[in-house]
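What follows is a short report on a single structure.
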Amino acid sequence: MIRHRRTATAAAALALGAVATAVLGFAAPASAHVTINPKEATQGGYGRFAFRVPNESDTAATTKVEVVLPENAPVGSVSTMPVPGWTVAVEKRKVDPPVEVHGSQLTEVVAKLTWTATGDAAVKPGQFQEFPVSMGPLPQVDTMVFKTLQTYSDGNVQRWIEEPTPGGEEPESPAPVLTLTAASPSAAPTGGVPAQADDDDDDAEGDGLAIGLGIAGLVAGAGGLLLGGLAFARTRREPTPKA
């Protein structure tokens, strides 16, 4: 009975939550803004990311998306993937000190990416579009904030530019944020500890082999004793032949 009551209570709570969401729209703002996916990456590495842009208007379509790369975290290599029906414009800026990429010192990096819809490719109401980007090496910072402008066919512009506040609530118009974590420590160099580990493994294998051979010897010895005992008993049972 207790299980049934808990099930009924949970179902009722879910039903009330669904009604509240449908009537008041509590869940809508949490997932309607522009995001970057994945949201986490490793410092110093390369990654493929997608700016996901949902259309929030009921009557207008999204025709242009502008993504500004953070000035405090320049990235040496930035490339875009073609999106059918969209063109992309790349703006660059000077940096000092230069950014190193594969031994080369770059004094110019990408500052802004602008995608513009052509023909009937605009993001219509109820739809979303992803704009893939490859970036790296990722800078040695904790976060990268990509301020984004979303332009609609009716002229309205949604400014996703508010930066997050540590420990605070999510802003009303948050910018996409990429969280960067430090790379894991490199593996220990060969020699020393790894060599000792190999020796220990060899010793363990040798010990195992010796134990196995010892057990096999005991089994063989026990078998020999058993056969010898049977032979002795048989000899005693057989009658002594008469002269």
Are Ser173 and Gln158 close enough that a side-chain donor and a side-chain acceptor fall under 3.5 Å? yes

Hydrogens and angles aside, do Gln150 and Thr62 bring a side-chain donor and acceptor to less than 3.5 Å of each other? yes

Sub-4.5 Å side-chain heavy-atom contact between [X] and [Y]:
| X | Y | answer |
| --- | --- | --- |
| Pro132 | Phe49 | no |
| Pro176 | Val67 | no |
| Thr59 | Pro125 | no |
| Met135 | Ser77 | no |

Spatial distance of atom [atom1] ([X]) from atom [atom2] ([Y]) [nearest 0.5 Å]:
| X | Y | atom1 | atom2 | value |
| --- | --- | --- | --- | --- |
| Leu138 | Leu180 | CG | CG | 5.5 Å |
| Arg159 | Thr151 | CZ | OG1 | 10.0 Å |
| Thr179 | Gln43 | OG1 | CD | 11.0 Å |
| Glu91 | Thr114 | CD | OG1 | 5.5 Å |
| Ile161 | Thr148 | CD1 | OG1 | 10.0 Å |
| Leu149 | Lys64 | CG | NZ | 8.5 Å |

Please determine whether residues [X] and [Y] belong to a single hydrophobic cluster, defined as Ile, Leu, Val, Met, Phe, Trp and Tyr linked transitively by side-chain heavy-atom distances below 4.5 Å.
| X | Y | result |
| --- | --- | --- |
| Val145 | Val78 | no |
| Val99 | Met144 | no |
| Val90 | Ile36 | yes |
| Phe128 | Val88 | no |
| Val141 | Leu178 | yes |

Whether [X] side chain and [Y] backbone form a donor-acceptor pair below 3.5 Å:
| X | Y | value |
| --- | --- | --- |
| Gln127 | Ala61 | no |
| Thr107 | Val95 | no |
| Ser57 | Asn55 | no |
| Gln129 | Arg52 | no |

Would you mind telling me which of Trp115, Phe51, Phe131 makes a ring-ring contact (aromatic ring centres under 6.0 Å, His included) with Trp86? Phe131

Are Glu162 and Lys147 within salt-bridge range, i.e. N to O under 4.0 Å? no

Does this structure show an ion pair linking Arg93 with Glu108, if we count only N-O contacts that are shorter than 4.0 Å? no

Is it the case that atom CG in Asp120 sees more than 12 heavy atoms from other parts of the structure closer than 6.0 Å? no

Do other residues, nucleotides or ligands put more than 12 heavy atoms under 6.0 Å from Glu169 CD? no

Closest approach of [X] to [Y] (non-hydrogen atoms, all atoms of both residues):
| X | Y | result |
| --- | --- | --- |
| Ala122 | Thr63 | CB-CG2, 4.1 Å |
| Leu69 | Val110 | CD2-O, 3.7 Å |
| Val101 | Pro137 | CG2-CD, 3.9 Å |
| Pro74 | Val109 | CB-CG2, 4.1 Å |
| Glu100 | Gly103 | OE2-CA, 3.7 Å |
| Glu56 | Tyr152 | N-OH, 3.1 Å |

Determine, step by step, whether Trp160 and Phe146 satisfy the ring pair (Phe, Tyr, Trp, His ring centres under 6.0 Å) criterion, reporting the C-alpha distance in whole Å, the side-chain angles of both residues, the deciding distance to 0.1 Å, and the verdict. CA-CA 9 Å; Trp160 304 105; Phe146 299 88; over 10 Å; no

